[in-house]
Trainee: 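Got a structure here, written out as structure tokens. Questions coming.
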Amino acid sequence: MTARTRLLAPRRLVAALAVAILSIGIAAPALAASEEQEASTSVSWGARPDDTAQGEGRPNFIYDLEPGGELSDAILITNRGEEPIELSVYAADGKTTSDGTLDLLPSGEESTELGSWIAVEQDEVALAPDESASIPFDLAVPADAQPGDYAAGVVAAMRVEGGDGLITERRLGSRVLLRVAGDLAPALEVSDLQADFSGGLNPFLPGSASIDVTLTNTGNATLVGGADLAVSGPFGWAARAVDVGEIPEMLPGTSLTRSIAVTEAWPLVLFNADLRATGDVVVREGAVPPPTATVTDEASTQAWAVPWTIVAIVLIIILIVVWRAVAAKRRKRAHEAEVARAVEKALAASRENETAAV
């Protein structure tokens, strides 16, 4: 994979965040009563960055600040439903889940980074149908904040109680992306690479294998990248490349687990897997890429890929040969013993004849 930088795609990221924050909740039960379902579908609202001195027509909040820097901005919340609504408004740290989904900390879980640096002017808002409200917030970066990328979200949330008493929190908001000025030190680590081979009954047909791996962004810059996986038998037999699939954006300090299915893995006693991951620093349009824009790491692993059917056949043949050899040896010994008895009998008869003659 050649060195390159990636331009941030704000619309794609906002869409991903909107899906993520809508899916977070204390529970997600189906509403028991039809009236509750109708009430739920009639509730709808929107949240987007308001047009302020920080920018207009923005899909999300993007900032570059020095440690100790401050700014003010606002989120616009609109009631698109047919009923009045009351929403809570707050900020929360962003994170990348183990499966690569962009997400926010659940409500009630305390933010420790960017989410805690954002102070929303009011934590609740009541809106009539078609009414909008601009909710200001302040962002203050601590003077001792480390350089690098941070992510959070400013959300408008509603808690809905279902017919069984469980509560769901519906959230909608906008992502906040912050790069604190200073040296960017991107780093990527490949760990826990494991292979598992599974063969079939026919030893002359390929089996399958699964490769599990963990990728960790150990640097301070957001990465997006990919991975190259090569599999082979001993001495490089049956070597080929395997499609790993897309590696989603990874925030600093987050890990991503992947399970890669490998078809047509031949049972050649040993199964080798070599994975090389590449991470590109996400660079916003117009920004200057850091000196090190691409980082890589690699790992290798092996698994037994024994053709057990052939092994079983060979063992059966060996057992048959051994059994036949043992049986032949026993027959030979029995024959020798019989001959010895016959000779002894003949000698005894000869001695008796000699004695009688005397």
Trainee: Out of curiosity, Gln54 CD to Leu71 CG, how far, rounded to the nearest 0.5 Å?
Mentor: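 Answer rounded to 0.5 Å: 5.0 Å.
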Trainee: For residues 116-129, please give each side-chain donor-acceptor pair under 3.5 Å, one per line with the distance, not counting sequence neighbours.
Mentor:
unit_1: Ser116; atom_1: OG; unit_2: Glu113; atom_2: O; d: 2.6
unit_1: Trp117; atom_1: NE1; unit_2: Glu113; atom_2: O; d: 3.3
unit_1: Gln122; atom_1: NE2; unit_2: Glu124; atom_2: O; d: 2.8

Trainee: Evaluate the criterion side chain to side chain contact (heavy atoms under 4.5 Å, CB included) for residue pair Trp304 and Val269; output intermediate values, then yes/no.
Mentor: CA-CA 6 Å; Trp304 290 110; Val269 182; 4.0 Å; yes
Trainee: State plainly whether one hydrophobic cluster holds both Val326 and Ile318, where clusters connect Ile, Leu, Val, Met, Phe, Trp and Tyr through side-chain heavy atoms under 4.5 angstrom apart.
Mentor: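 Result: yes, single cluster for both.
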Trainee: Taking atom CZ of Arg258 and atom CG of Leu215, what is their separation to the nearest 0.5 Å?
Mentor: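 Output value for this atom pair is 8.0 Å.
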Trainee: With rounding to the nearest 0.5 Å, note down the distance linking CD1 in Ile77 to CZ in Arg48.
Mentor: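 Ile77 atom CD1 to Arg48 atom CZ measures 11.5 Å (nearest 0.5 Å).
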Trainee: When you measure from the side chain of Asp93 to the backbone N and O of Ser111, does any donor-acceptor pair fall under 3.5 Å?
Mentor: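 No: the side chain of Asp93 does not pair with the backbone of Ser111.
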Trainee: Might you point out which heavy atoms bring Arg171 and Val155 nearest each other, and give the distance in Å?
Mentor: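 Result for this residue pair: CD-CG2, 4.4 Å.
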Trainee: So how far is it from Leu223 CG to Asn217 CG, rounded to the nearest 0.5 Å?
Mentor: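 Leu223 atom CG to Asn217 atom CG measures 4.0 Å (nearest 0.5 Å).
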Trainee: Looking only at heavy atoms, what is the nearest atom pair of Ala185 and Asn220, with distance?
Mentor: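 Distance-wise, the nearest heavy atoms are N-OD1, 2.6 Å.
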Trainee: Determine, using the 4.5 Å side-chain heavy-atom cutoff (strictly less than), whether Leu270 and Trp266 are members of one ILVMFWY cluster.
Mentor: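 No: no chain of side-chain contacts under 4.5 Å links Leu270 to Trp266.
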Trainee: Assess whether side chain to side chain contact (heavy atoms under 4.5 Å, CB included) is satisfied between Lys95 and Leu105, documenting all intermediate values.
Mentor: CA-CA 7 Å; Lys95 63 178 182 178; Leu105 293 182; 4.1 Å; yes
Trainee: Do Leu76 and Val154 belong to the same hydrophobic cluster, where Ile, Leu, Val, Met, Phe, Trp and Tyr are linked whenever their side-chain heavy atoms lie under 4.5 Å apart, directly or via other members?
Mentor: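 Different hydrophobic clusters.
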Trainee: Roughly how far apart are Glu189 CD and Thr296 OG1, rounded to 0.5 Å?
Mentor: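 Here the rounded value is 13.0 Å.
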Trainee: Checking Ser107 against Glu169 for the side-chain hydrogen bond (donor to acceptor under 3.5 Å, both in side chains) test, could you report, in this order, the C-alpha distance in whole Å, the side-chain angles of both residues, the deciding distance, and whether it holds?
Mentor: CA-CA 8 Å; Ser107 61; Glu169 184 179 59; 3.0 Å; yes
Trainee: How far apart are the closest heavy atoms of Leu188 and Gly279, and which atoms are they?
Mentor: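 Distance-wise, the nearest heavy atoms are CD2-N, 3.7 Å.
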Trainee: Could you tell me the separation between the CZ atom of Phe271 and the OG atom of Ser198, rounded to the nearest 0.5 Å?
Mentor: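 The CZ atom of Phe271 sits 11.5 Å away from the OG atom of Ser198.
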Trainee: Should Trp45 and Ile135 be counted in the same cluster of Ile, Leu, Val, Met, Phe, Trp and Tyr side chains packed under 4.5 Å apart?
Mentor: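 Same cluster: Trp45 reaches Ile135 through Ile, Leu, Val, Met, Phe, Trp or Tyr contacts under 4.5 Å.
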Trainee: Considering residues, nucleotides and ligands other than Gln146, do more than 12 of their heavy atoms fall under 6.0 Å from its CD?
Mentor: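 Not buried by this count: 12 neighbours or fewer within 6.0 Å.
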Trainee: What's the shortest heavy-atom distance between Ile247 and Met250, and which atoms?
Mentor: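 That closest heavy-atom pairing would be CG2-SD, 4.5 Å.
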Trainee: Please name the pair of heavy atoms, one in Thr78 and one in Ser132, separated by the smallest distance, quoted to 0.1 Å.
Mentor: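 It is OG1-OG, 2.7 Å.
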Trainee: Using modelled atom types and a 3.5 Å cut-off, is there a donor and acceptor pairing between side-chain atoms of Ser44 and backbone atoms of Arg80?
Mentor: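 Such a contact is absent between Ser44 side chain and Arg80 backbone.
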Trainee: Would you please test Asp149 and Leu251 for side chain to side chain contact (heavy atoms under 4.5 Å, CB included) and show each step?
Mentor: CA-CA 8 Å; Asp149 291 336; Leu251 299 173; 6.0 Å; no
Trainee: Decide yes or no on side-chain hydrogen bond (donor to acceptor under 3.5 Å, both in side chains) for Asn60 and Ser174, but give the supporting numbers first.
Mentor: CA-CA 6 Å; Asn60 53 17; Ser174 290; over 6 Å; no
Trainee: Could I get the full list of salt bridge (Lys or Arg N to Asp or Glu O under 4.0 Å) partners for Arg58, not counting sequence neighbours?
Mentor: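 In terms of salt bridge (Lys or Arg N to Asp or Glu O under 4.0 Å), with neighbours along the sequence ignored, Arg58 is linked to Asp73.
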Trainee: Tell me whether Leu268 shares a hydrophobic cluster with Val231, the cluster being built from Ile, Leu, Val, Met, Phe, Trp, Tyr side chains joined at under 4.5 Å.
Mentor: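 In one cluster: no.
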Trainee: Should the heavy atoms of other residues, nucleotides or ligands under 6.0 Å from CD of Glu336 be counted, would the total exceed 12?
Mentor: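 Yes, CD of Glu336 has more than 12 neighbouring heavy atoms, counting only those of other groups under 6.0 Å.
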Trainee: The test is side chain to side chain contact (heavy atoms under 4.5 Å, CB included); show your working for Leu184 and Arg179 and say whether it passes.
Mentor: CA-CA 10 Å; Leu184 287 183; Arg179 176 162 289 174; 3.8 Å; yes
Trainee: Is there a side-chain contact between Asn272 and Ser300, using heavy atoms and a 4.5 Å cut-off?
Mentor: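 Counting from C-beta outward, Asn272 and Ser300 never come under 4.5 Å.
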Trainee: State, to 0.1 Å, how close Ala227 and Val244 come at their nearest heavy-atom pair, and which atoms those are.
Mentor: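 Where Ala227 meets Val244 most closely, the heavy atoms are O-CG2, 3.5 Å.
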Trainee: Per the side chain to side chain donor-acceptor pair (under 3.5 Å) rule, what does the pair list look like for residues 312-330, sequence neighbours excluded?
Mentor: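 Non-adjacent pairs meeting side chain to side chain donor-acceptor pair (under 3.5 Å): zero.
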Trainee: Do other residues, nucleotides or ligands put more than 12 heavy atoms under 6.0 Å from Glu86 CD?
Mentor: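 Counting other residues, nucleotides and ligands, CD of Glu86 stays at 12 neighbours or fewer.
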